[in-house]
Number of protein chains: 2
Amino acid sequence: MYNNTPINIALVDDHPMILEGLKSLLQQHGRFQIFSFTKGVAILDFIQENTIDVILLDIVLSDANGLDLCKSIKQKSPSSIVIGISNQAERSIIFRFLENGGNGYILKNADAQEIIQCIDKALLGELALSKEVQEIISSPSTSTFELPRLTKREQQILQAIAHGQTSAKIAESLFISVITVETHRRNLMQKFKAKNMIELVKIATENKLL
Amino acid sequence: MYNNTPINIALVDDHPMILEGLKSLLQQHGRFQIFSFTKGVAILDFIQENTIDVILLDIVLSDANGLDLCKSIKQKSPSSIVIGISNQAERSIIFRFLENGGNGYILKNADAQEIIQCIDKALLGELALSKEVQEIISSPSTSTFELPRLTKREQQILQAIAHGQTSAKIAESLFISVITVETHRRNLMQKFKAKNMIELVKIATENKLL
DNA sequence: TTTTTTCTCCTCGTATACCATGATTTTTTC
DNA sequence: GAAAAAATCATGGTATACGAGGAGAAAAAA
């Protein structure tokens, strides 16, 4: 691995700045042969004909979904190492990426050293996670909040509340009693451990439950 | 401007990748002397002692608000040209940045050519906007909701409310009367045209004002 | 079919959000 | 230094959210 043959690295990102940044960070290390792509489909075509050792893949692309793309890449070229790069720091997304065959995950705020370390790790067959990603994964309690499971009715009501509707209005439009609405409300607060509905809606919105 | 003296450019961004990318893009053009910063306060300190021609400023920073930072920079060094760089493509934010003294605005998906063009434009005293930014500005019709501008106090209070705090608690911790807090609350609702605080917090959360 | 979950309804009391209107002082801007 | 904007405090009233605790019927899961 560390002999004379250079390591082929493909960068996939639709931001020219990031692409350029990664390129210059990696070029400083000499051992890499770098290819870059701004489109998801382009990398798929490329690996059809060529062999790539490591692919650094942006999760958010304009023309494709990084998660699905990872899967496709792994199908076409199982030996290629795929490392995700993203601003997305959400547990569930990281896990889904790894489930789809990803060999590692790096946040965009990582520095040069960390990126190189991760690539080295991945080349040795290990799971390559940046420091922050490791923290996110290993602490389900702190940074990421365990989202409670909601019933259909609760979702319905939560949605209505988030749209600014009062309990009375909601009761009216769902043909149930105001009292019932308030019970659901209460249960929702307990489930989310929120101090009040405002905090609850904030949590739900942040976690895209609405 | 185009003679032998190099142009001093400061890059402010908390993502090492972006920083590195910009640096290498600009270095290819030779005429620039580049300084880079990952902290907002650092650039403020720096311009106290040194003269900078152009500052490329990320709007989203970990330790500071790009909008306020732009204002501070312009106060300390009015002759410096400040160009905003961001993923944020919202009209209102762009306008606010320009109102705060910004000389231009570029989206992060801009390519090398565009960035150089914008810097050149700004050096000539013109407003430097990337293509996409121009489109956003010239199309007020789009679905994007005009975000109201909030005062410092309003932001503070909105944030506290979103954290589930009651008016009484907020009044206590800010050393003001409950009545005042409720006035701000009322004004916030009017500004956002929200039916109640719950809806307001949802809107604010969705638009990342918190 | 039994058990569990979900949805529904109930009471009572307190807290506070919400609405309309107005006014003074401080700070910022021109 | 004048004008505008922001922050502060005030009154008074209505509506409703919030919190605790209990309970029966319907639907889903075992």
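What you see below is based on every heavy atom in this structure, not just the backbone, and it leaves out hydrogens, waters and symmetry mates.
Distance, A/Met197 CE to C/dT16 C1': 15 Å, rounded to whole Å. The CG atom of B/Asn196 sits 16 Å away from the P atom of D/dA15 (whole-angstrom rounding). Atom P of nucleotide D/dA7 and atom CD of B/Gln155 are separated by 10 Å, given to the nearest angstrom. Taking atom CD of A/Gln190 as the reference point, atom P of C/dC7 lies 15 Å away to the nearest angstrom. We find that CD1 of B/Ile198 is positioned 11 Å from P of C/dA17, with the value rounded to whole Å. One can place CG of B/Asn187 at 15 Å from P of C/dG22, the figure rounded to the nearest angstrom. C/dT6 atom C1' lies 12 Å from atom CD1 of A/Ile157, rounded to whole Å. Nucleotide D/dA17 holds its P atom 21 Å from the CD atom of B/Gln165, rounded to whole Å.
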When you compare the protein's N or O atoms with those of nucleotides 28-30 of chain C, which come within less than 3.5 Å of each other, and at what distance?
none

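Residues B/Glu20 and A/Ser24 approach most closely at CG-OG, 3.2 Å, considering heavy atoms. Annotation for A/Leu188 and A/Leu150: closest pair CD2-CD2, 3.8 Å, computed over non-hydrogen atoms. Across every non-hydrogen atom of B/Val178 and B/Ala168, the tightest pair is CG2-CA, 4.0 Å. The two residues A/Ala110 and A/Ile106 make their nearest non-hydrogen contact at CB-CG2, 3.5 Å.
With C/dC18, D/dC18, D/dA17 as the choices, the nucleotide that has an atom nearest any side-chain atom of A/Met189 turns out to be D/dC18.
For DNA chain C, the neighbouring residues in residues 171-186 of chain A, judged by any heavy atom under 4.0 Å, are A/Ile176, A/Ser177, A/Ile179, A/Thr180, A/Thr183, A/His184, A/Arg186.
A salt bridge links B/Arg31 to B/Asp120: at least one charged side-chain nitrogen sits closer than 4.0 Å to a carboxylate oxygen. Between B/Asp13 and B/Lys108, at least one side-chain nitrogen of the basic residue sits less than 4.0 Å from a carboxylate oxygen of the acidic one, meeting the salt-bridge criterion.
Annotation: ring-ring contact (aromatic ring centres under 6.0 Å, His included) contacts involving residues 148-191 of chain A, sequence neighbours excluded, are absent. Within the structure, ring-ring contact (aromatic ring centres under 6.0 Å, His included) contacts touching residues 114-136 of chain A (residues at least two apart or in different chains) do not occur.
Judged as a salt bridge (Lys or Arg N to Asp or Glu O under 4.0 Å), and not counting sequence neighbours, A/Glu114 has no contacts.
Residue B/Lys169 is classed as having no contact, given no heavy-atom separation below 4.0 Å to the nucleic acid.
In terms of phosphate contacts, B/Thr166 brings no side-chain nitrogen or oxygen within less than 4.0 Å of OP1 or OP2 of C/dA15.
A 6.0 Å sphere centred on NZ of A/Lys71 holds no more than 12 heavy atoms belonging to other residues, nucleotides or ligands.
For the helix from C/dT1-D/dA30 to C/dC30-D/dG1, the angle separating the two terminal helix axes comes to 80°, with each axis derived from five pairs and the value rounded to 10°.
In summary, the side chains of A/Glu154 and A/Asn187 do not present any donor paired with an acceptor at a separation below 3.5 Å, with no hydrogens or angles considered.
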